[in-house]
Enquirer: 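Sharing a structure with you now.
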Amino acid sequence: MVESTAFSLERYSLAARERVNGALDAYTRFDDGCPAQLSEAMRYSLLATGKRLRPLLALLAVEACGGDESAAMPAACAVEMIHAYSLIHDDLPAMDDDDLRRGRPTCHKVYGEALAILAGDALLTLAFEVLARDVQPPVVAAECCALLARAAGCSALVGGQADDLAGQFSDGGVEALMAIHRRKTGAMMLVSLQLGATIAGADERQLAALTEYGQCLGLAFQITDDLLDVRGETQAMGKRVNKDSDRGKLTYPGLLGIEESTRRAEALVARATLALEPLEPQAAGLQALALYVLHRNH
Ligand code: GRG
């Protein structure tokens, strides 16, 4: 990971991931009749090694807006649950049909398709239970539920996935590609920041800064994801590489070339970090995270 001078993202994220993983583990120990195989499948995917980028965004956003990390932990877990569900369903034969995720066989390869679908359903549902019950006060919890439902719903995550699968805009240009990824990838990153900000009681100026940051970061993340798909190695990525280009999917390097894609990712990260100015000096973590997204190798 890339170090910023005043803030060690490496040190912070190592410890924060531990806290997130501990909370995710606790949230998925069911003693209320959840079938053992189902909870095993949920935990297999949820607790697998991942970057925990969305939880980190929620936790860093609450701090950037002057709030307390522990207040945002339920939201950090909720976004990771939705993310894990979307990966399980995306890997299914009816969708992207993948065998490898996070360095190990996909959920349906281990537990079968039916249980993998149900594990995804249960993680999606659990996310809202956790938000509604554990975010305080209840009026903020309700606002968080509405924000997350919108970001995960038919006009964002699910809608972006539907358009992507339908090959919508496949003959379009960069604008078409951005329209898919703003919903499929960007919306969950943006809402992670918005949840942290909402829990911290952010004002309009802080919310606007995080929104600009999140929109730029989401697009930059997708460009680097496409670049890694071209350049990356299966072992480092923990998933099959070259799959997008092999399937004739629109990608940034495919449309713009590697050099221009890299330049765009750099420009977006520069805009993202500039957007954080109103939040300084509390946004050092988010600054470092933007640099990490640019230089990541998995
Ligand atoms: C099934 C509703 C539904 C949506 C699926 C998440 C998704 C939408 C598709 C996954 C395919 C993909 C490669 C999307 C682009 C970027 C992305 C979301 C990568 C995975 O996220 P990371 O890199 O993964 O944060 P880790 O494992 O580190 O959490």
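For reference, positions follow the sequence shown, starting with 1. First listed ligand is number 1; within each ligand, the first listed atom is number 1.
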Enquirer: Tell me whether the guanidinium CZ or amine NZ of R17 lies under 6.0 angstrom from the six-membered ring centre of Y12 and within 45° of its axis.
Expert: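 Checked: cation-pi criterion not met.
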
Enquirer: Short N/O distance, under 3.5 Å, between Y85 and ligand 1?
Expert: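 It does not: no N or O of Y85 is found under 3.5 Å from an N or O of ligand 1.
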
Enquirer: Excluding sequence neighbours, so at least two apart, what forms side-chain hydrogen bond (donor to acceptor under 3.5 Å, both in side chains) with T185?
Expert: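 If we apply the side-chain hydrogen bond (donor to acceptor under 3.5 Å, both in side chains) test to T185, skipping adjacent residues, the hits are Q222.
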
Enquirer: Can you sort out which atoms of ligand 1 are near F221, meaning under 4.0 Å from one of its heavy atoms?
Expert: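 Close to F221: 16 (C), 22 (P), 23 (O), 25 (O).
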
Enquirer: Between D25 and R43, is there a side-chain N and carboxylate O pair less than 4.0 Å apart?
Expert: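 The answer is yes: the pair qualifies as a salt bridge.
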
Enquirer: Provide the number and element of each atom of ligand 1 under 4.0 Å from a heavy atom of R102.
Expert: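 What qualifies from ligand 1 is 26 (P), 27 (O), 29 (O).
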
Enquirer: Between R263 and E259 (salt bridge meaning N to carboxylate O under 4.0 Å), is one present in this structure?
Expert: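 So R263 does not pair with E259 through a salt bridge.
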
Enquirer: Would Q222 count as a contact of ligand 1 if the rule is a heavy atom under 4.0 Å away?
Expert: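 Yes; Q222 lies near enough to ligand 1 that a heavy-atom distance drops under 4.0 Å.
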
Enquirer: Using a 4.0 Å cut-off to any heavy atom of H89, which atoms of ligand 1 qualify?
Expert: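 With H89 as reference, the close atoms of ligand 1 come out as 1 (C).
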
Enquirer: Considering only heavy atoms of D90, which atoms of ligand 1 have at least one such atom less than 4.0 Å away?
Expert: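 Going through ligand 1 atom by atom, the ones under 4.0 Å from D90 are 1 (C), 5 (C), 9 (C), 10 (C), 11 (C).
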
Enquirer: Taking atom types as modelled and ignoring hydrogens, do the side chains of N297 and R231 form a donor-acceptor contact shorter than 3.5 angstrom?
Expert: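 No pair is found: no donor N or O on one side chain lies under 3.5 Å from an acceptor on the other.
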
Enquirer: Identify every side-chain donor-acceptor pair in residues 128-155 under 3.5 Å, counting partners at least two apart or on other chains, and give the distances.
Expert:
from, atom 1, to, atom 2, distance (Å)
E129, OE2, R133, NH1, 2.8
D134, OD2, Y27, OH, 2.6

Enquirer: Does V191 share a hydrophobic cluster with L87, counting links as ILVMFWY side-chain heavy atoms below 4.5 Å and allowing steps through other members?
Expert: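 No; L87 is not reachable from V191 via cluster members.
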
Enquirer: Judged on heavy-atom distance to atom 21 (O) of ligand 1, which of H83, M95, M188, K184 sits nearest?
Expert: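 Answer by nearest heavy atom: H83.
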
Enquirer: Test of understanding: given a 4.0 Å heavy-atom threshold, classify the contact between R54 and ligand 1 as side chain, backbone, both, or neither.
Expert: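 The side chain, only.
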
Enquirer: Mark up the atoms of ligand 1 that fall under 4.0 Å of a heavy atom belonging to D225, in ascending order.
Expert: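 Answer for ligand 1: 13 (C), 15 (C), 16 (C).
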
